[in-house]
Asker: 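Here you go, one structure.
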Amino acid sequence: MSGPPRERLGSRERLRPLAFLIVGLAVAWLPQAGRLPVWVGIALGAALIFRYYLAWAGKPLPTRLVLALPTLVGGYWVVTTFRPFFGGPGAWSLLTIATVLKLFEMRTKRDRVVAVMLGYIMVATYFTTQQTLLTAVWMCALVALFTFVMVEYGDEQGSRPALVNARVTTKLLVQSLPVLVALFILFPRHGGPLWTLSTGSGGTTGLSGQMTPGSITKLAESDELAFRVEFTGVEAARGPMYWRGPVLEEFDGVTWQTAYPQVRNPDNLPVVGERRIEQKITLEPHGRKWLFALDVPLKSDRGRVDVDLLLRSRAKVHKRMSYEVTSGELTFTGSLSELALERNLALPRALSGRVRELAQSFALDSTDDGQTVGRIFDYYATDGFVYTLEPPAYTDDFVDQFLFEGREGFCGHFAASMAVLLRANGIPARIVTGYLGGDFNPFGNYWMVPQRYAHAWVEVWLDGKGWSRYDPTAAVSQERLTRSIDRDSSLIGGAIDFFELGERFPDGFMSRLRFTFDYLELWWHKYVIDYTKQRQLEIFKNFFSARNFIAGLAGVALLAVLGWLGAITLLALWRERRTMAPVDRIWRLWLAKLYRQGLEKQPHEGPIGFAARAGERYPGDARLIMSVARLYARCKYGPECDAELLGNLKAAVADFSLTKKQRNVSGGDDTKAA
């Protein structure tokens, strides 16, 4: 059985809605442009321009046989190019091809609707991978644009100005907002995130599991945000804030890297101090498993603390996440395991002799390891080292060249060389990478830690104390502990310059703008993106018992939505009745009476024509029907409608009723005809 025939469009296509639709599709595609080859964007732009040209010139659209070739070629290119295909750029490319080709077969009203709906889908798919506040604003703008296109196409004659259709679009969007809010807050959520698509291609900017001289220097040139921190307990950070990240124990002479597997030593038992610092951290995606915490993490709700004192997540961080962590102080009472001792004393065989001689010179006349460590630390403060973002290129044995020739470097150079000097003296040492410091946001009372605060320091094993932090960078430049790096002037001048945040923007305008936007971004993540099932349960646990929570919440959501829809419907009817002329209200009442008897007025019929058709169906009441129609026509279209004429029409409609005999006859005729 075939469906109803499609209604064909006129020969001349309207340009205004088509132009807005093409612009909307192009803008919706832009965020994905960087993930696809350049020629794809060129081909897409050419296709959209050509589509508008066909409409502007009044040319016919290509046949389906002609469209088959680009469909097959595009599909073959997508399937053979992208791996994996589902959930990544391949699926996005296929959707783009289908949407563009749909524009070339817009021959019916249904085709218009499908084309606009594909635009909505293109917008929604991007939100599965990017969920920032800017993404939401961009989505809302495109949704409004595509809704405007839908309203434009709904005006089939094209008689309404664009401003009128824009007002209709605004009204529709505003009326839908309460429904959106009610569904978001009340609709039961499942255990995982609702708008997430795991593509395995999350953010990867940040620290890695290895360090070579200069690697952290590159991060110091980045303004990207690493994470945000809120101190939730009574105790807060005092002094320099060291945010602990990956711990590097293996060294081959060039690169430091994380050692695997991590082996726990049951004899190395820590004693936990009394100090506790509670933090809530919102971490940006970096594609790794480690989580950052102040000083030494003790426990967390989203990860475990490993033997190297690094907080690790259960899965790689491919999307922004929030977690709570408690930091504190640890003192180790045992000794290092044989494996840990071997790792943290290992040195490359190619280490130069003069580096070994320099290291051993610090141990002369030292009474213990602590005194040797202090002498090495003081060596960086008194022997002409320079802290810079642009150190010279160190090749081959960079430790030898750095200590005896260049003496210019960033935190990675100082930490790596100090760890080598310690190990050469038989003192276990390792490198800890992370971040140092942060920018305080007064609008939200939290700290922002950007990538440019990436840092590296040394941890030394001392008997009776355990792992102790030593930062040789602080010996060279004490300002690094409390002030921010002036990246621009440091890259130009060589030596690192510092600034206080207030010194950079004395009036505070740019700072307020930056902090305000970041606070809005954090608010968006906390109350929208991170609105999980657990948060929903916490909000509504006082209203419903655990047993009927889901059913009760779904019922409330349904009632809220239906209540709002009913309210706006009643408001629309009330406004329509209020603005309707009295003669039209009486006429509509009469039409309703006839409608209940199975007779409906057609849009093309005037009052007299409709009355004539009604009289043919009900001949016994033909004169009465015609009299009501003529009274309405005189009052509606005559020179004036006085109270007497309006009263006569109202009385005629109130008294109007088809005779019982006529109703039965009419019903019998209709039944017989059927």
Side-chain angles (χ1 to χ4, degrees), residues 207-217 245-259 308 336 339-364 366 368-388 391-434 454-462 467-477:
L207 298 173
S208 65
Q210 62 181 21
M211 183 190 74
T212 55
S215 60
I216 296 182
T217 312
V247 180
L248 314 179
E249 294 180 304
E250 293 186 350
F251 178 54
D252 61 3
V254 178
T255 301
W256 288 81
Q257 60 185 358
T258 304
D308 57 357
L336 285 178
L339 177 60
L341 190 63
E342 180 182 353
R343 283 177 173 173
N344 292 282
L345 287 177
L347 287 172
R349 294 181 179 180
L351 188 66
S352 69
R354 59 177 178 174
V355 171
R356 294 182 184 272
E357 293 178 3
L358 175 65
Q360 293 170 4
S361 67
F362 297 115
L364 296 177
S366 294
D368 54 24
D369 289 345
Q371 188 175 5
T372 302
V373 174
R375 289 179 176 180
I376 295 176
F377 184 83
D378 293 338
Y379 167 70
Y380 289 95
T382 59
D383 221 44
F385 287 91
V386 177
Y387 189 40
T388 177
Y394 297 111
T395 59
D396 300 327
D397 189 351
F398 88 89
V399 176
D400 183 278
Q401 293 183 19
F402 172 69
L403 291 175
F404 296 101
E405 298 174 12
R407 297 197 173 190
E408 295 182 3
F410 199 59
C411 60
H413 298 82
F414 296 108
S417 59
M418 182 176 181
V420 169
L421 293 176
L422 290 168
R423 288 187 177 189
N425 276 295
I427 302 174
R430 62 190 185 186
I431 294 177
V432 181
T433 58
H455 195 58
W457 58 94
V458 178
E459 277 190 341
V460 184
W461 178 267
L462 298 174
W467 290 109
S468 303
R469 180 178 66 226
Y470 283 85
D471 187 356
T473 304
V476 180
S477 178

Asker: Please examine the side chains of P348 and D252, heavy atoms only from C-beta on, and report whether any two atoms are closer than 4.5 Å.
Answerer: no

Asker: Roughly how far apart are I427 CD1 and N344 CG, rounded to 0.5 Å?
Answerer: 12.5 Å

Asker: Can you tell me if T372 uses its side chain to pair, donor with acceptor, with the backbone of A363 under 3.5 Å?
Answerer: no

Asker: Walk me through it: do V420 and L403 pass the test side-chain contact (heavy atoms from CB on, under 4.5 Å)?
Answerer: CA-CA 11 Å; V420 169; L403 291 175; over 6 Å; no

Asker: Could you label the plane-to-plane angle of the F251 and W256 rings as parallel, tilted or perpendicular, counting under 30° as parallel and over 60° as perpendicular?
Answerer: parallel

Asker: Would you please test L358 and Y379 for side-chain contact (heavy atoms from CB on, under 4.5 Å) and show each step?
Answerer: CA-CA 11 Å; L358 175 65; Y379 167 70; 3.7 Å; yes

Asker: Roughly how far, to the nearest 0.5 Å, is the CZ atom of R356 from the CG atom of L421?
Answerer: 11.5 Å

Asker: Within the distance-only criterion (no hydrogens, no angle test), does the side chain of D369 pair as donor or acceptor with the backbone N or O of L462 below 3.5 angstrom?
Answerer: no

Asker: Let's go through M418 and V373 carefully: what are the C-alpha distance in whole Å and the side-chain angles of both, what is the deciding distance for side-chain contact (heavy atoms from CB on, under 4.5 Å) to 0.1 Å, and is it a yes or a no?
Answerer: CA-CA 9 Å; M418 182 176 181; V373 174; 4.3 Å; yes

Asker: Can you give me the closest heavy-atom contact between F404 and R354, atom names plus distance?
Answerer: CZ-O, 3.4 Å

Asker: If the plane angle is over 60° it's perpendicular, under 30° parallel, otherwise tilted; pick one for W467 and W461.
Answerer: perpendicular

Asker: Would you say R423's side chain and L347's backbone share a donor-acceptor pair under 3.5 angstrom?
Answerer: no

Asker: Do the ring planes of F414 and Y380 sit parallel (below 30°), tilted (30 to 60°) or perpendicular (above 60°)?
Answerer: perpendicular

Asker: Taking R430 for the side chain and E459 for the main chain, is one N or O donor matched with an acceptor at less than 3.5 Å?
Answerer: no

Asker: Should R469 and V432 be marked as a side-chain contact (heavy atoms from CB on, under 4.5 Å) after you check the CA-CA gap, both sets of side-chain angles, and the distance that decides it?
Answerer: CA-CA 9 Å; R469 180 178 66 226; V432 181; over 6 Å; no

